[in-house]
**Q** 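Okay, here's the structure, questions in a sec.
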Amino acid sequence: MKKIVILISGRGSNMQAVVEANIAQAEVVAVISNRADAAGLQWAEQYGLATETICHQDYAGREAFDTALMARIDAYQPDLVVLAGFMRILTPEFCNHYAGRLINIHPSLLPAFPGLHTHQRALDSGCRVAGCTIHFVTAELDCGPIIAQGVVPVLGNDTADALAQRVLRVEHELLPQAVADFVAGKLVVEGNRVNNLSMADIDDSIFLKN
Ligand code: GRF
């Protein structure tokens with residue numbers, strides 16, 4: 001059984017998708033938030049999961065917070081740490097500590113639009129497609145070997161919110177699949193590429209339409 005710790009900051013719909021996928025040989029051992037008011041925490045508690053809040057404002061700086069966060073995560077001895085809407089930039093020490101077992105979901109087709117406001121930036125750039133990326137986390141923000149990407153069309157009358165909703169539906173399919181592939185040992189990192197031994201299985205999901 002592989003142990004998974006999920007980090008969230010807000011709604012937690014991607015965390016929920018992973019939990020509800022009931023991935024074989026995987027157990028979500030804790031959900032940790034940097035915000036006590038994260039709606040996803042309540043959901044996780046009601047589901048019966050262990051939850052914790054480690055408020056970044058209680059720490060003098062990024063290093064101190066990340067050190068405390070690592071200690072709490074490591075208490076669960078996770079095989080995988082999933083950033084599911086965790087809105088903190090992590091220190092290189094944190095990223096290195098979990099190298100190869102830390103994944104993030106980002107709402108753009110990386111390497112386009114790292115950082116915030118991805119959907120508005122996609123619209124402003126006149127993109128005809130948008131989407132999401134799941135990647136292993138390295139010290140550079142929103143970089144790291146790409147595990148999976150999902151694509152949706154950009155429609156003529158799209159707003160950032162409408163596009164975000166369309167992308168989110170794909171996120172909810174791709175993230176549990178990526179976690180399942182990790183748990184099954186199907187993700188082989190070679191340099192900056194991920195060789196997904198089950199790629200044939202996810203070909204259809206890459207081109208999900210709204
Ligand atoms: C998602 O769009 C995710 O890609 C981004 O933040 C959002 C979190 O949504 N990193 P939720 O908390 O999972 O509902």
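Indexing begins at 1, ligand by ligand and atom by atom, following the structure's order.
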**Q** Going by distance only, is there an N or O of Ile105 that falls short of 3.5 Å from an N or O of ligand 1?
**A**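 Between Ile105 and ligand 1, an N or O pair is found under 3.5 Å apart.
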
**Q** Which protein heavy atom lies closest to atom 5 (C) of ligand 1, and at what distance to 0.1 Å?
**A**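 Atom 5 (C) of ligand 1 sits closest to the protein heavy atom Pro107 CD, 3.8 Å.
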
**Q** Only one of Leu110, Asn104, Ile147, Asp142 passes side-chain contact (heavy atoms from CB on, under 4.5 Å) with Thr133; say which it is.
**A**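 The option that passes is Leu110.
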
**Q** Taking atom types as modelled, find out whether Glu52 and Tyr76 have a side-chain donor-acceptor pair closer than 3.5 angstrom.
**A**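 Yes, Tyr76 and Glu52 have a side-chain donor paired with an acceptor closer than 3.5 Å.
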
**Q** Hey, which atoms in ligand 1 end up nearer than 4.0 Å to a heavy atom of Arg11?
**A**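 Those qualifying, in numeric order: 9 (O), 11 (P), 12 (O), 14 (O).
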
**Q** Would you say Asp181 and Gln177 are linked by a side-chain donor-acceptor pair, where the criterion is simply a distance under 3.5 Å?
**A**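 Judged by distance alone, the side chains do pair up.
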
**Q** Measure the CG-OG1 distance between Leu116 and Thr118 for me, rounded to the nearest 0.5 Å.
**A**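 Leu116 CG to Thr118 OG1: 8.5 Å, rounded to 0.5 Å.
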
**Q** Quick one: sort the Phe86 and Phe65 rings into parallel, tilted or perpendicular, breaks at 30° and 60°.
**A**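 Phe86 vs Phe65 ring planes: parallel.
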
**Q** Take the angle between the ring planes of Tyr98 and Phe94 and call it parallel below 30°, perpendicular above 60°, tilted in between.
**A**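 If you compare the ring of Tyr98 with that of Phe94, the planes turn out tilted.
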
**Q** Under 4.0 Å from a heavy atom of Gly12: give me the atoms of ligand 1 that qualify, with their elements.
**A**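 Those qualifying, in numeric order: 11 (P), 12 (O), 13 (O), 14 (O).
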
**Q** Would you say His106 and ligand 1 have an N/O pair spaced under 3.5 Å apart?
**A**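 Among all N and O atoms of His106, none is under 3.5 Å from an N or O of ligand 1.
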
**Q** Considering only protein heavy atoms, which is closest to atom 8 (C) of ligand 1, and at what distance to one decimal place?
**A**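 Sorting protein heavy atoms by distance from atom 8 (C) of ligand 1 puts Gly85 CA, 3.7 Å first.
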
**Q** Could you list which atoms of ligand 1 come closer than 4.0 Å to a heavy atom of Glu171?
**A**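 Those atoms are 1 (C), 2 (O), 3 (C), 4 (O).
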
